[in-house]
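Notes to accompany the following structure.
So that the names make sense, note that chain A is the first sequence line, chain B the second, and so on, each numbered from 1.
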Amino acid sequence: MDITADLNPPQKEAVEYAGGPLLILAGPGSGKTRVITHRIACLVKIYGVSPHRIMAVTFTNKAAREMKERLEKLLHLGAEDLTVGTFHAICARILRQDGKLVGLDNNFVIYDEEDQQSLVKQCLTDLDLDSRQYNPQKIRNAISYAKSLNLTPSDLAARTNSRWDDIVCRIYERYQEQLGQSNAADFDDLLMKVLYLFDHQPEILEKYRNRYLHFLVDEFQDTNIIQYQLIRLLGSRHRNICVVGDPDQSIYSWRFADIRNILSFEKDYPDAKVILLEQNYRSTKNILEAAASIISVNQQRKAKKLWTENHDGTPVTIVRTYSEQDEAQFVVNEILQLSRSNGIKPGDCVVMYRTNAQSRAIEEAFIRYGLKYKLVGGTRFYQRREIKDVLALLRIIQNPFDNISLSRIIKLPGRGIGQRTLSDLTNWARDNHLPLFTTIKIVSEGGGPPFGQKVRTTLEGYYRMLNDLIIQGQHLGVVDLLGMALENSGYRNYIREEDDGDERWENILELRTVAMDFNDLPAGEGLVRFLEQVSLVADADEIESKEDTTTLITLHQAKGLEFPVVFIIGMEEGLLPHRRSIEEGGAELEEERRLCYVGITRAQKHLYLLHTVHRSIFGSSSESIPSRFLDDIPEHLIERKGLPEIDSTYNGHSARYKRRPDEDEGITVTELLSKRLRQQSPSNDLLQISPGDNIRHNKFGKGQVIGIKSVGNDKEVIIAFEDAGVKKLLLSLAPLEKL
DNA sequence: GCAAACATGATTTTT
DNA sequence: TCATGTTTGC
């Protein structure tokens, strides 16, 4: 097959270029992913580069997996020899192998943000500092920032100039000591330690530097300084570094992603070839123009002109509703309408928002109308308490010196060890420079802090239990080990008695399913690999596209995706741009604008931008002002729906909504809106049903009506379906048939 | 040691 | 509003 067929000239050039450093600036929808995969294929098939000698760095594990799949499926290329992964995953692999040289045993554990935070708190206690005065989260963030710049505690100490910096420094130093004692690395350490390894063990650097001929880095605008340093060092031998990014889609600066990397690249490699991908294959002209009008306001930006051969399409719809409930209602109605008339399916639609909290009203509306939705993100699987507890238990088996995990599980109720005992243990451990696990061992042998006999017996039992699990871990597969750990630690009984114990137990079983993939590996290795996978992979479940399921997602997570129909809700000052960014101003505001741009450019055919007049935030209600970004879209691209424009000015602090005087005199805004919404949907006469009737729903199948409630002119019916369970549906919309 | 009452404070979140 | 962390009472 011809690898470069169907590529436009700049794409083709980007795929074939073999003259050293390459910077690809790829606008949204410009076929960036194709270019990367085809470039790899071209390197292998045409230039004869062994896949073993290619490294591709992606932003997420998901992206890595997809890239591998694409290469295998589309191009029939064996991808198992390729190094594809995130910076973190690749570095973890390197450290598993050679970490010993930088003080990491190969059974090291990886600390996530919650673990980091616990460790910071522990350090504050150790240094006798008040955690109310020194916010642990801020300290964690400051440490992470230092690490993103590859600064060690002493580097940082050299540049402190305030009391705060000084505190951060002291904690950072202790924090690193504690990580060392726990044989643990946090996310940032994975990168920093590899860089340190390369700096101090030239032969290791040589090994990797010689092996890799070609590097590809995706989402380069969202890399941080240390990541760039890493790739520069790795690529210093052959200089075939290809980076792909779009400065306009840089939305992770709060994660210390540094857009200057793109500038640095051009400076560090003056001979770098720069290729612009400006043709958009995704969106209609109207959508693309709206996006351009918003992003072009940014000052800190290289002008870039995207163009498309696609049709104008429909206008961008700006919708004003009264409340977030009405906003949700509009979305639901529009999805139903589109699926009736435009050949669009609910699965083609996505609802995007700035903050997770905004998904609630949407979810409620979807549930009410019996529409299916898929919430992306939210409370993430691996962040759930029960999952973290179980993982902590397994981590102790892998690495008993992991102090944070041990402190987490030892104080779980039901075992008679509480905060008091734990504090006594940690204090003693600290004073004697010993890990917690060793301390418990000493206590069970009669030493340690002065405990009463009862506590001593309890701790002895706990130590024996752990020790037994560690021994079992030597020869049991990871699934059996998990089962035994749950039993012996009493965790199973403990969690099942919780209020939502069933759900939590389900989650643990879900985790067990993940573990099954690692069950056939040799005992120790299975555990290591399983724990590494769950530490580095954030998303347990995937966005699988189903025809009937609408996606609900934050703007950040929407990066890289595309949908025929996009609804962005909460286009309001304070939400988008977010209040915190308005307060910060400048660069923060420009990032909000980019975020808005990312959202808009996800849309292929239809784009809806919604805002409300009233929104409740943290329970209390407040007036909202349309987002400034809406003002930047030229009127000729826009169609307005929902409530009419505010034609009054602000009255003191409260914006007052005025109805248009010529119509609907004497009814409230909410009534007006619901009237309009009703007018938009076909007014089929309501089905005459009463409780006890048997019905059929064209999706949920057979069921029995168990309740009816009037909602305005409509009725909400509660139906117990034979297969689909109990649902609340609106009679006017549910496709019901009386049996 | 542990559960219930109370206080608090809250974007985004690849790894 | 709601999910966390802290204090209090048994």
Side-chain angles (χ1 to χ4, degrees), chain A residues 57-65 85-92 110-118 121 131-132 135-137 141 144 147-148 185-191 218-219 221-224 226-227 251-257 324 352-358 360-361 376-380 382-385 411-423 454-455 458 494 497-499 532-539 553-560 570 574-584 588 591-592 594-596 598-599 615-621:
Chain A
V57 186
T58 58
F59 189 62
T60 63
N61 290 294
K62 187 177 147 232
R65 197 174 52 240
T86 61
F87 275 106
H88 294 87
I90 291 171
C91 288
I110 299 168
Y111 278 3
D112 68 11
E113 272 180 32
E114 197 185 330
D115 302 322
Q116 290 177 40
Q117 192 120 333
S118 310
K121 280 187 196 153
S131 68
R132 270 168 302 196
N135 178 271
Q137 195 176 325
N141 208 44
S144 182
K147 290 184 170 187
S148 83
D186 65 22
F187 285 133
D188 306 302
D189 270 353
L190 296 174
L191 312 177
D218 194 10
E219 306 285 8
Q221 77 282 355
D222 287 320
T223 54
N224 63 25
I226 190 171
Q227 289 169 340
I251 53 174
Y252 281 96
S253 75
W254 50 275
R255 273 301 217 152
F256 316 124
E324 67 242 66
M352 299 181 188
Y353 34 83
R354 177 66 232 263
T355 67
N356 281 122
Q358 289 171 260
R360 262 193 74 163
V376 180
T379 323
R380 310 172 77 76
Y382 289 112
Q383 254 159 249
R384 289 168 194 275
R385 176 165 62 86
K411 59 169 190 274
L412 288 173
R415 281 223 150 237
I417 302 168
Q419 191 54 57
R420 188 67 226 272
T421 308
L422 177 59
S423 299
K454 204 169 148 203
V455 178
T458 312
Y494 159 68
E497 277 166 27
E498 294 270 289
D499 282 346
E532 178 149 321
Q533 153 114 358
V534 299
S535 302
L536 294 177
V537 173
D539 35 300
I553 198 170
T554 64
L555 286 160
H556 280 90
Q557 290 180 302
K559 189 174 76 159
L575 271 177
L576 186 65
H578 195 272
R579 193 162 54 86
R580 295 269 272 261
S581 302
I582 296 174
E583 283 159 12
E584 296 290 325
E588 303 276 317
E591 184 147 317
E592 295 287 312
R594 291 195 291 270
L595 194 52
C596 182
V598 166
R615 183 173 296 274
S616 38
I617 295 165
F618 306 144
S620 64
S621 164

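A straight line from CG of A:L575 to C1' of B:dT11 spans 10 Å, rounded to a whole angstrom. Going from atom CD of A:Q137 over to atom C1' of C:dT4 covers 12 Å, rounded to whole Å. Atom P of nucleotide B:dT15 and atom CD of A:Q116 are separated by 14 Å, given to the nearest angstrom. Rounding to whole angstrom units, CD1 of residue A:I90 and C1' of B:dT15 are separated by 12 Å. Between the CD atom of A:Q557 and the P atom of B:dT13 there is a distance of 5 Å, rounded to whole Å. In this structure, CH2 of A:W254 is placed 12 Å from P of B:dT11, rounded to the nearest angstrom. One atom, CG of A:L191, and another, P of B:dT15, lie 13 Å apart when rounded to the nearest Å. As a whole-Å value, the separation of A:R65 CZ from B:dT15 P is 10 Å.
Of the side-chain N and O atoms in A:T554, one or more sit less than 4.0 angstrom from OP1 or OP2 of B:dT13. For the pair A:N356 and B:dA10, the criterion of a side-chain N or O lying under 4.0 Å from OP1 or OP2 is not met. Contact annotation: A:R360 side-chain N/O to C:dC2 OP1/OP2 distance is under 4.0 Å. Note on A:T421: a side-chain N or O is less than 4.0 Å away from OP1 or OP2 of B:dG1.
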side-chain contact (heavy atoms from CB on, under 4.5 Å) for A:L555 and A:L576? Distances and angles first, verdict last. CA-CA 10 Å; A:L555 286 160; A:L576 186 65; 3.8 Å; yes
Hey, mind stepping through A:E324 and A:S616 against side-chain contact (heavy atoms from CB on, under 4.5 Å) and telling me if it holds? CA-CA 8 Å; A:E324 67 242 66; A:S616 38; 3.2 Å; yes
Could you walk me through whether A:Q116 and A:F187 pass side-chain contact (heavy atoms from CB on, under 4.5 Å), step by step? CA-CA 9 Å; A:Q116 290 177 40; A:F187 285 133; 4.3 Å; yes
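Map A:L412 and A:T355 each onto its nearest nucleotide of DNA chain B; the residue landing nearer the 5' end is A:L412. With DNA chain B read from its 5' end, the first of the two nearest nucleotides for A:H556 and A:K411 is the one closest to A:K411.
Using a 4.0 Å heavy-atom criterion, one finds that A:F87 contacts no nucleic acid atom at all. Residue contacts for A:E592: at a heavy-atom cut-off of 4.0 Å it reaches a base atom on one of the strands shown. A:G414 comes within 4.0 angstrom of sugar-phosphate atoms only, judged by non-hydrogen atoms across all strands, and of no base. Among the heavy atoms of the strands, none lies under 4.0 Å from A:E219. Counting non-hydrogen atoms under 4.0 angstrom, A:L555 reaches nothing in the nucleic acid.
With a 4.5 Å cut-off on side-chain heavy atoms, A:E113 and A:D186 do not count as touching.
Ionic pairing of A:E498 and A:R385 is present here: one or more N-O contacts between side-chain nitrogen and carboxylate oxygen are shorter than 4.0 angstrom. Using a 4.0 Å cut-off between a side-chain N of Lys or Arg and a carboxylate O of Asp or Glu, A:E591 and A:R594 qualify as a salt bridge.
Closest to the A:R580 side chain, of the nucleotides B:dT11, C:dC2, B:dT15, is B:dT11. In this structure, the nucleotide among B:dT15, C:dG5, B:dA10 sitting nearest to the side chain of A:F618 is B:dA10. Checking C:dG5, B:dT13, B:dA3 against every side-chain atom of A:K121, the shortest atom distance belongs to C:dG5. For A:L536, counting side-chain heavy atoms from C-beta on, the closest listed nucleotide (B:dT13, C:dT1, B:dT15) is B:dT15. Picking from C:dT1, B:dT11, B:dT15 the nucleotide with the shortest atom distance to the side chain of A:T86 gives B:dT15. The side chain of A:R354 lies closest to B:dT12 when the candidates are C:dT1, B:dT12, B:dT15.
Residues passing the side-chain contact (heavy atoms from CB on, under 4.5 Å) test with A:Q383, sequence neighbours excluded: A:R380.
Of the C1' atoms belonging to C:dG5 and B:dT12, the separation is 23 Å, rounded to the nearest Å. When the P atom is used for both C:dT4 and B:dT13, the distance is 16 Å, rounded to whole Å.
A:R579 contributes no side-chain N or O that forms a donor-acceptor pair with the base of B:dT11 under 3.5 Å.
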